[in-house]
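A quick write-up on the structure given underneath.
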Amino acid sequence: MAAIGVFDSGLGGLTVARAVMQRLPAESLIYVGDSARVPYGPKSPDTVRRYALQIGQWLLDQQVKCIVVACNTATAHALPLLQAELPVPVIGVIQPGARAAVRATTNGPIGVIGTAGTVASGAYTQAIHDLANRPLDVYAVACPLFVPLVEEGWTEHPATRLIAHQYLEPLRQLQVDAVVLGCTHYPLLRDVIAAEMGGSVTLIDSAAETAVEVAAVLTSTNQLAVPESVPSHRFVASDAPKHFLELGSRFLGRSLGNVEHHVFT
C-alpha cells in the first residue's frame, strides 16, 4: 500500500502528520524531518528549493502516492517547482490555511502569524488576496520566539504568555477577526494564542486544513486506502535521530516508535 509522504525542515511538520493521521487513519505515512539543515527560514529561496527537491525525489523513491510539504517556508518557495517536477500530487500548507481564513472572516481584517521567513515571503497575504472575492486587509506578524519555546516544552510557561502578549498586541489593536497559525509549531500554542486574542477571533490551524486537502486530493484521484487497511508509519531525520525521537512525541501526540537516519546530499 503506497504511503503519503510528508516533509518539513524539522519537528513542526509532525503536527501536519498528526492531522493527516487523525483524518485518514487507514493511510500509511513516511515523514522526513530535515533536522541537519533546519531552519529553512533564513536560507535563500534557491537553497530551500534545492533541499525540497532532494527530499521530494527521495520520497518518490519510497513510492509515495502524494507529498505534503509540511513547512511554510518550503511551501512558499518550492511548491510550484515540486508540482512541476514530481509526478505525484504535491500539497502545501499555505493555500489550505488561506482558504479557511477567507471562509472564516466576515469582513476582515485577517491576521497571520509565522516565522520571519514566512512573513517576509508574503505568501499567506498573496494567497488570501488571490482566493478572496472581495477586498480584505491582511496583517502578518513574525513571532520568531514561538518555535524555540515550543521545542523547549514551554507551551504553558508564563514567559510564553508574556511573549505572546507582546507579539499579538498589533493584531488585537487592529481587531482582526481571524488569525492564521502560519507555522507548524503554533498549534501547540493554540490555548495561549486564543487566550490573548479572545473568543471572538477564529484561529485557523493550517495543519488541520491541509489534512482536509489531502483527503480531497486522494479521493479525487481514487487513491484512498481501504478502511480496513492497517497503516504503517516511518519517521526519518537527517540528523540527531535520537533527539528527534525524544521531542517528536510532543508534536505527534504519541510515540514515534523509531526514527531512521538518512543524510541528504
Testing the basics here: between Thr184 and Pro187, what is the closest heavy-atom pair and its distance to 0.1 Å? O-CD, 3.3 Å
Check whether any side-chain N or O of Thr160 sits under 3.5 Å from a backbone N or O of Glu156 as a donor-acceptor pair, and report yes or no. no
Short question: side chain of Gln83, backbone of Val90 - any donor-acceptor pair under 3.5 Å? yes
Can you check whether Ile204's main-chain N or O pairs, donor with acceptor, with Glu209's side chain at less than 3.5 Å? no
Answer whether the closest heavy-atom distance between the side chains of Leu149 and Thr155 falls below 4.5 Å. no
Pair Ser121-Thr118, side-chain donor/acceptor within less than 3.5 Å: no
Looking only at side-chain N and O atoms, does Asp130 offer a donor or acceptor that is under 3.5 Å from a partner on Gln126? yes
Test of understanding: clusters of I, L, V, M, F, W, Y form through side-chain heavy atoms closer than 4.5 Å, transitively. Do Leu256 and Val6 belong to the same one? yes
Shortest non-hydrogen contact from Ala98 toward Ala127: CB-CB, 3.7 Å
One pair to check against side chain to side chain contact (heavy atoms under 4.5 Å, CB included): Phe146 and Val192. What are the steps and the verdict? CA-CA 11 Å; Phe146 279 177; Val192 170; over 6 Å; no
Give a yes or no on this: more than 12 heavy atoms of other residues, nucleotides or ligands lie within 6.0 Å of atom NE2 of His261. yes
Between the OG1 atom in Thr15 and the CZ atom in Arg190, the distance rounded to the nearest 0.5 Å is 11.5 Å
Indicate yes or no for a side-chain donor-acceptor contact from Thr221 to the backbone of Val217 under 3.5 Å, with no hydrogens or angles considered. yes
Val68 and Thr210: which non-hydrogen atoms are nearest, and at how many Å? CG1-CG2, 3.8 Å
Go through the steps to decide whether Val69 and Val93 satisfy the test side chain to side chain contact (heavy atoms under 4.5 Å, CB included), and finish with yes or no. CA-CA 7 Å; Val69 186; Val93 289; over 6 Å; no
Over all heavy atoms of both residues, which pair between Val179 and Val176 is shortest? Give the atoms and the distance, please. CG2-CG2, 3.7 Å
Any side-chain donor paired with an acceptor under 3.5 Å for Ser35 and Asp239? no
Contact check, side chains of Leu60 and Val88, non-hydrogen atoms, under 4.5 Å: yes
Between Arg134 and Thr106, which heavy-atom pair has the shortest distance, and what is it? NH2-O, 3.6 Å
So do Asn72 and Thr115 actually touch side chain to side chain, heavy atoms under 4.5 Å? no
Is a side-chain N or O of Ser28 found less than 3.5 angstrom from the main chain of Ser232, in a donor-acceptor match? yes
For Met21 against Leu29, the heavy-atom pair lying closest together: CG-CD2, 3.8 Å
Can you get from Tyr186 to Met197 by hopping between Ile, Leu, Val, Met, Phe, Trp and Tyr side chains that sit under 4.5 Å apart? yes
Can you check whether Ser9's main-chain N or O pairs, donor with acceptor, with Arg37's side chain at less than 3.5 Å? no
Heavy-atom count check: over 12 atoms from other residues, nucleotides or ligands less than 6.0 Å from Gln63 CD? no
Distance, nearest 0.5 Å, that separates SG of Cys143 from CG of Leu168: 5.5 Å
Would you please test Leu86 and Gln57 for side chain to side chain contact (heavy atoms under 4.5 Å, CB included) and show each step? CA-CA 8 Å; Leu86 304 179; Gln57 294 284 5; 3.9 Å; yes
Are there over 12 heavy-atom neighbours, none belonging to Gln175, within less than 6.0 Å of that residue's CD? no
Side-chain heavy atoms of Leu181 within contact of Ile113, under 4.5 Å: yes
Connected via hydrophobic side-chain network under 4.5 Å: Leu145 and Val38: no
How long is the span from the CG atom in Leu224 to the CG atom in Asn222, to the nearest 0.5 Å? 8.0 Å
Going by heavy atoms in the side chains, are Leu218 and Leu24 under 4.5 Å from each other? yes
Give, for atom CG of Leu171 and atom CD1 of Ile193, the distance between the pair rounded to the nearest 0.5 Å. 10.5 Å
Hey, do the aromatic rings of Tyr51 and Phe264 have their centres closer than 6.0 Å? no
May I ask you to say whether Arg49 pairs ionically with Glu85, meaning some side-chain N is under 4.0 Å from a carboxylate O? no
Do the side chain of Thr219 and the main chain of Ala215 share a donor and acceptor less than 3.5 angstrom apart? yes
Sidechain N-carboxylate O distance under 4.0 Å for Glu151, Arg250: no
Between His185 and Phe251, is the ring centroid distance below 6.0 Å? yes
From Ser255 atom OG to Leu245 atom CG, the distance as rounded to the nearest 0.5 Å: 6.0 Å
Should Val180 and Val119 be counted in the same cluster of Ile, Leu, Val, Met, Phe, Trp and Tyr side chains packed under 4.5 Å apart? no
Any luck finding a side-chain donor-acceptor pair between Ser206 and Tyr124 under 3.5 Å? yes
Under 4.0 Å between a side-chain nitrogen and a carboxylate oxygen: does that hold for Arg161 and Glu196? no
Between Lys65 and Glu27, does any NZ, NE, NH1 or NH2 come within less than 4.0 Å of an OD or OE carboxylate oxygen? yes
Heavy-atom side-chain proximity of Val112 to Ile128 below 4.5 angstrom: yes
Side chains of Leu59 and Val32: closer than 4.5 Å at any heavy-atom pair? yes
Honestly curious: do Val259 and Val16 fall in one hydrophobic cluster under the side-chain, below-4.5 Å linking rule? yes
Centre-to-centre under 6.0 Å for Phe7 and Tyr31, is that the case here? no
Would you sort out whether Ile110 and Asp137 count as a side chain to side chain contact (heavy atoms under 4.5 Å, CB included), showing the intermediate values? CA-CA 6 Å; Ile110 294 172; Asp137 290 326; over 6 Å; no
His233 (side chain) donor-acceptor with Ile30 (main chain) under 3.5 angstrom: no
Do Phe244 and Leu11 have side-chain heavy atoms sitting under 4.5 Å apart? yes
In Å and rounded to the nearest 0.5 Å, what is the CD to CD distance from Glu213 to Gln95? 8.0 Å
Tell me whether Ser238 contacts the main-chain N or O of Ala36 through its side chain, where contact means a donor paired with an acceptor under 3.5 Å. yes
Hey, are Tyr40 and Asp8 close enough side-chain-wise for a donor-acceptor pair under 3.5 Å? no
